[in-house]
Structures are given as C-alpha cells and as structure tokens.
Chemist: 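Got a structure for you, questions after.
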Amino acid sequence: MAKRYWLMKCEPAAYTIDDLERDGETSWEGVRNYQARNFMRDDMQVGDEVLFYASNADPSGVTGLARISRAGYPDQFSWKKGHKYFDPASSKEKPLWFMVDIAFEKNFHGTIPLETLKSTKGLEQMKVIQKGSRLSVQPVTKAEYDIVVKLASKIPRP
DNA sequence: GCCAACGTTGGC
DNA sequence: GCCAACGTTGGC
C-alpha cells in the first residue's frame, strides 16, 4: 500500500515534539473517538508520515514531523482498571480502542501557526483548519503534507 | 477562562 | 430512532 499522510493532535501539556525528540519513539494511546480509532486501527501503516500538531497551544500549529513505527494495536490502557484511559466497554478479548507508535523525525523548533495554515494556498481542504474540527487523528494528502514541510523551512532558526 | 461546536449517552 | 442533556475539545 502506498504511503499515507496524517495529522495528529496533542496538547503541549500532555506531550510535545520536544518530548518525542528526547524519547525517539512513543506510543499514542488514549484516543477515544471512533473516527480517529478507525484510522489508527485500519489505515495507518509503518512508514506513514505524520504532521505533529500542538493543540491548545500558543499558538496552536504544526511543530514537527513523525513517522508511524508500529501499526494499530489494541490500547491496553483501556482495560487497566483505575487508569485514566480505562473504559469498561473494552477488554483484552474484545478491545474497543486502538493505538499506534510513532517515531521522531523532525523538530521544527517553532510552530507553523494554524493561522498560517489557513492562509496558505493548497491547504483549504485540511480538516484541521475547518471551524469546529475536533478530530485528533486525521488524514492529509501528500500535497498538503509537502506544502506544510515547505512552510517549516521558513520558520526562523532559534 | 470562556464558550461554541461537536460526539456520546440515555430516557422515552 | 429522536433529541435533550451532558462532557469534551480547542481556538481565542
């Protein structure tokens, strides 16, 4: 299957691209949205490219790149009683939720703000710029991905 | 911190 | 199966 492209959101309070750079790789558990789960369970493949998006940030926007390093597998936190991601509807035998692993690829050392994404030609269809879009895992096209990577080169070096 | 938009739940 | 109530997301 051809390589796919994704955008994954995370609040800086929970995890940042700096954390991923330090860790090298991380698991992406805790997604509790069916649409997002389906993408992780059914469509994400090792090697797919990821735009790392910081939500609820100042400013919110894309802060780096990652790559899928493990395709969808059951979110074991969903059946750990007492865990914040516990869901009684999920079990080892019948997992309800899924997760993937992602590997660090690039730290922009800056942010491509949402506002820039909104005003950039070719990105008009991106879900993340639609008002009220809450999907935390969403597909992007190769063209969109390439445009965002190009925008990253314009972020001034720290 | 506010609040609009969204997804989910549950009563009927 | 509808829809009001609720909890959450996320921009500002």
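Here is the naming used below: chain letters follow the sequence lines, and residue numbers restart at 1 for every chain. No hydrogens, no waters, no symmetry mates; every other heavy atom, side chains included, goes into these values.
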Chemist: Donor-acceptor pair, distance only, cut-off 3.5 Å: does the side chain of S133(A) make one with the backbone of K127(A)?
Modeler: yes
Chemist: Assign each of N56(A) and S133(A) to its nearest nucleotide of DNA chain B by heavy atoms, then name whichever residue's nucleotide is nearer the 5' end.
Modeler: N56(A)
Chemist: I want to check a possible cation-pi pair here: K142(A) against Y145(A), using under 6.0 Å from ring centre and within 45° of the ring axis as the test.
Modeler: no
Chemist: On the six-membered ring of F39(A), is R37(A) placed so that its NZ or CZ lies under 6.0 angstrom from the centre and within 45° of the ring axis?
Modeler: no
Chemist: Excluding sequence neighbours, so at least two apart, what forms side chain to side chain donor-acceptor pair (under 3.5 Å) with E105(A)?
Modeler: R67(A)
Chemist: What range of DNA chain C does chain A touch, first nucleotide to last, counting atoms under 4.0 Å from its heavy atoms?
Modeler: dG7(C) to dC12(C)
Chemist: Please check if the number of heavy atoms outside E115(A) that lie under 6.0 Å from its CD is greater than 12.
Modeler: no
